[in-house]
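Report on the following structure.
Each chain gets a letter, A, B and so on, in the order its sequence line appears, and its residues count up from 1. We use all heavy atoms of the structure for the numbers below, so side chains are in, but hydrogens, waters and symmetry mates are not.
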Amino acid sequence: MLDLNFIRKNPEEVKRAVREKHERVDVDHLLRLDADRRELLHQIEVLRKQLNEGSKRVSELKRQKQDAATLVEEMRVLSDKIKGHEKRLDPLTPEIDDLLLRIPNIPAPDIPKGEDASGNQVVRTWGKRREFSFKPRPHWELGASLGILDLERGAKICGSGFPLYKGIGARLERALFNFMLDLHTRKHGYQEVFPPFLVNRASMTGTGQLPKMEEDMYRTSDDLFLVPTAEVPVTNLHRDEILSHKELPIYYTAYTACFRREAGAYGKDTRGIIRVHQFDKVELVKFVRPETSYEELEKLVKDAEEVLQLLGLEYRVLKLCTGDMSFASSKTYDLEAWAPGVEKWLEVSSCSNFEDFQARRINIRFREEPASGGKVRYVHTLNGSGIALPRTLIAILENYQQKDGSVIIPEVLRPYMGGVEVISQ
RNA sequence: GGAGAGGUGGCUGAGCGGCUGAAAGCGGUGGGUUGCUAACCCAUUGAAGGAGGUAAAUCUCUUUCCCCGGGUUCGAAUCCCGGCCUCUCCGCCA
């Protein structure tokens, strides 16, 4: 969330962000409630001061064995008065908090204006388009004929959108996330964590999935949520903590399965495994000093890009425009891999700097060096996919397919595949 | 799931309903001492909000916070109720 103080001072900027991100929050209403609340709070504080002083005098009188009955009676009246004020204050705070939670983060200055995905900017591309002497087939055909992807049986045991990988396909899935975790931990300096796949409501609110996206989440009868991304458990690792400046920056990487209902997304990319309800993903999460967060974002993107480079997959990097960015982000890059079978760019990673938007919700701060005053400040949080599997798997199958329907395994994955070089029937 | 114990500052850990935002120790920071290191000595060291003040900061005043939420009381870390979490034992179990 944004700093209420910032909203007071920059209401127009906040309203613009609300518009640009297609949100609906009444900022003026929020400011009115806030003014009311502060006025009431002030009155209560004045009264409470009187009460505290009075109570102290009662205590003194009693110690001197003097009669305090009149004063006690006075204090009782005062106490009731405070309670009356508090009754009026009570409903205000939750309402303000709720509004605050619904105000999106403000896009960074260099973010292109735009209504939707068409306004995104291509920042760079990597790799070259493969030439095929035949018409490349889509992954669902390859997967079925190779016996590595069984969507029918996945649907039987759970429902559509829950893919079943079999045999060498299952191994390929496992090889992919192991390869990615190794790369990020060994080469890029991330610490591996393996978090719970279920999280509570506070965690979901902390990273910004709630209250806005509740319909898209799977929820259990215990009011727990299946993680839509490892970002949620991993970012919440340090909730309500004050970190030492010595600990920063902190880099984590985590594999989790991810669960998304994608309510309202029906009819889009329904074939194959482009859009599914359960998928695997390796996530990168950073906690950094505010001054370094944009630099750290560039590094994070590079770390994700390297996965695609090592896999030999053609991709492009997009800078998202205001209308296509997520609620909590101030700057986002997407990575899209080319899939020749479906003839589409597929989003395999989304890397964002949230500045202190999440840190404020989750209350993650750090203490400055004594030389800088030892002040407590919010950290900046970042995360990005490093990277998401099903679409990467699609890109591999479709890019590395051969005329006879077999698929060559990218070299970097072979050590994870027991040396298998090609998947064939 | 059953029985018991407990949740206090960065950590360990005291705390009679008022003199406790909190003893003591550790840690951190500043300084001193010392061939170096270690040790020792002194001082200092929680957070959030509001009002005032300032060019800005230092600063002053004030409210709140001892897991969370209610309640009793003039007054709650301390008493009562509910919840959450942790630990120990028993049961069950991959």
Rounded to whole Å, please give me the gap between [atom1] in [X] and [atom2] in [N].
{"X": "A/Leu4", "N": "B/rA48", "atom1": "CG", "atom2": "C1'", "result": "13 Å"}
{"X": "A/Glu241", "N": "B/rG46", "atom1": "CD", "atom2": "C1'", "result": "16 Å"}
{"X": "A/Arg367", "N": "B/rC11", "atom1": "CZ", "atom2": "P", "result": "11 Å"}

Is [X] touching bases, backbone alone, or none of the nucleic acid, heavy atoms closer than 4.0 Å?
{"X": "A/Leu71", "answer": "nothing"}
{"X": "A/Arg8", "answer": "sugar-phosphate"}
{"X": "A/Arg365", "answer": "sugar-phosphate"}
{"X": "A/Lys62", "answer": "base"}

#### Entry: Donor-acceptor pair (no angle test) under 3.5 Å: A/Glu60 side chain, B/rG18 base
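Side chain to base: no pair present.
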
Using both distances under 3.5 Å as the test, list the Watson-Crick or G-U wobble partner of [N], or none.
{"N": "B/rC92", "value": "none"}
{"N": "B/rG17", "value": "none"}
{"N": "B/rU44", "value": "B/rG28"}
{"N": "B/rA55", "value": "none"}
{"N": "B/rA38", "value": "none"}
{"N": "B/rG75", "value": "none"}
{"N": "B/rA22", "value": "none"}

### Message
Does B/rU73 have its OP1 or OP2 closer than 4.0 Å to a side-chain nitrogen or oxygen of A/Arg76?
### Response
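Answer no for this pair, as no side-chain N or O of A/Arg76 is under 4.0 Å from OP1 or OP2.
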
### Message
It should be established whether A/Lys83 places a side-chain nitrogen or oxygen under 4.0 Å from OP1 or OP2 of nucleotide B/rC74.
### Response
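No, outside the criterion.
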
[atom1] gap between [N] and [M], integer Å:
{"N": "B/rG21", "M": "B/rU62", "atom1": "C1'", "value": "15 Å"}
{"N": "B/rA94", "M": "B/rA47", "atom1": "C1'", "value": "44 Å"}
{"N": "B/rU88", "M": "B/rC79", "atom1": "C1'", "value": "27 Å"}
{"N": "B/rG69", "M": "B/rU78", "atom1": "P", "value": "13 Å"}
{"N": "B/rC67", "M": "B/rU73", "atom1": "C1'", "value": "23 Å"}
{"N": "B/rU72", "M": "B/rA51", "atom1": "P", "value": "31 Å"}
{"N": "B/rG18", "M": "B/rG75", "atom1": "P", "value": "14 Å"}
{"N": "B/rA3", "M": "B/rU20", "atom1": "P", "value": "41 Å"}

### Message
Quick test of your reading of the model: are A/Arg289 and A/Glu369 salt-bridged, counting only N-O distances below 4.0 Å?
### Response
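Between A/Glu369 and A/Arg289 there is a salt bridge, with a charged N closer than 4.0 Å to a carboxylate O.
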
### Task
Count the heavy atoms belonging to other residues, nucleotides or ligands that lie under 6.0 Å from NZ of A/Lys113, then report whether that count exceeds 12.
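Check passes, neighbour count above 12.
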
### Message
For A/Lys81, is the NZ atom crowded, meaning more than 12 foreign heavy atoms sit under 6.0 Å from it?
### Response
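Count not over threshold, so no.
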
### Message
Looking only at the side chains, is there a donor atom on one of A/Ser293 and A/His380 sitting less than 3.5 Å from an acceptor on the other?
### Response
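The answer is yes; a qualifying pair exists.
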
### Task
Map A/Gly54 and A/Val376 onto RNA chain B by nearest heavy atom, then report which one ends up closer to the 5' terminus.
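That would be A/Val376.
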
### Earlier contact from the 5' end, RNA chain B, for A/Ile44 and A/Leu41
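By nearest-heavy-atom nucleotide position, the 5'-most residue is A/Leu41.
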
### Task
Classify the angle between the aromatic ring planes of A/His277 and A/Tyr218 as parallel (below 30°), tilted (30 to 60°) or perpendicular (above 60°).
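A/His277 and A/Tyr218: perpendicular rings.
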
### Task
In sequence, state the C-alpha distance, the side-chain angles, and the governing distance for A/Leu382 and A/Tyr251, and then conclude on side chain to side chain contact (heavy atoms under 4.5 Å, CB included).
CA-CA 10 Å; A/Leu382 302 91; A/Tyr251 293 4; over 6 Å; no

